[in-house]
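Working notes, beginning with the structure itself.
Atoms within a ligand are numbered from 1 in the order they appear, just like the ligands themselves. Just so it is clear, the structure is predicted and the values come from calculations on it, not from any experiment.
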Amino acid sequence: MASMRILDLVYRPVRIYLKEPFVIANENYSYCDVMVIKIKTDGFEGVGEAAPDEVVTGENIKTVFRALGKLKKTLVKSHVDDIGETMYKLGEILPLNRTAKAGVDIALYDAMGKHTGKSVSRLLGGRKLRMETSVTIGITRLEDSVMEAVRYKRDGFKVLKVKVGLDACEDERRLRLIREAVGERIRIIVDANQGYSVKEAISFTKRTRDIGINFVEQPVRADDLKGLKAVRDASDIPIMADESLNSPEDLARIIKIKAADMINIKLMKVGGISAALEMARTAKENGIMVMTGCMDETKVGITAGMHFSTASSGVDLVDLDSYLSHRNEIAVGGVATIKGVNRIYNEPGLGLMLKEGVL
Ligand SMILES: [Mg+2]
């Protein structure tokens, strides 16, 4: 394969509006800003996205913009066909800024796929094209949560992710009402986004044992791994680490003290597909289940998440739904969500195109 030199890196912030304001334990917002990224080579262009969430990685649209400016010089001298090497070099320049690097990594994989005529998933040895996704219910009034749950069930979703963490008693009530409304066959997962104290989290898992909750995501503060472990040890419901896991070092600590049964890997937290593949492999080797999650990503990030998830044998389930709640979209093609199943197609790269005028 001929080497493919990177000629330019271009990027622009785009504001994405949500259909409804979104409330979770530690955030409340009605729009988000993402960075659309394009890598130009002497053959093809690769498209990527960096969707920062300041609460989780400390990055925002401004730090992403500055980081890309710093990475550009090194990138432009690099070649697309050695993504691992290129990402390593970018890591030497900026050890953190994982969301910015994720955007570059995704664009590199898209360009590489187009160059070889293979989908990113195929390129990585993937054989699947579809995976069931969960769909998220934010913290809303009881009756609104129930109505939303029923609507998602009617639309074909089989896994509901219910946000909790502001008020444990109210959370329990919402979960009971949702379970009653959707029946026993719908799976319910719960995400507290660090909202509980260790004591509250333990009592929550005891009180809700009979509701049929598949697992509880990040019940306690991100930096309290010991607390997470205490909850895990006391709970019959499996516990997942999300905000506590941003890097391979975090994963090593979680494995060492057995702080969680499962982890949530997001491309935007870990620095892209290359890093995510490695972490999913390590998790699997250590008996930890993996879910691929997302920030508030458009179709570009979600499609990249699907290519990663279908290619990695370590990924057990996906929670890749953010683009469904957006009013405006930047790309056409890529992932499609039909009756609760995300599907991708065997087209070169990510199989999508930016809409006219986006970048
Ligand atoms: Mg989460």
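Under a 4.0 Å N-O distance rule, the pair Asp210/Arg176 qualifies as a salt bridge. Ion pairing of Lys266 with Glu297 is absent here, as no side-chain N (NZ or NE/NH1/NH2) approaches a carboxylate O to less than 4.0 Å.
Take the N/O/S atoms of Asp191: the one nearest the Mg ion (ligand 1) is OD2. If you look at Glu217 and ask which of its N, O or S atoms sits nearest the Mg ion (ligand 1), the answer is OE2. Shortest distance from the Mg ion (ligand 1) to Asp242 is reached at OD2 (N/O/S atoms only).
Side-chain contact check for Ile16 versus Asn328: some heavy-atom pair is nearer than 4.5 Å. Looking at heavy atoms from C-beta onward, Thr337 lies in side-chain contact with Phe157 at the 4.5 angstrom threshold.
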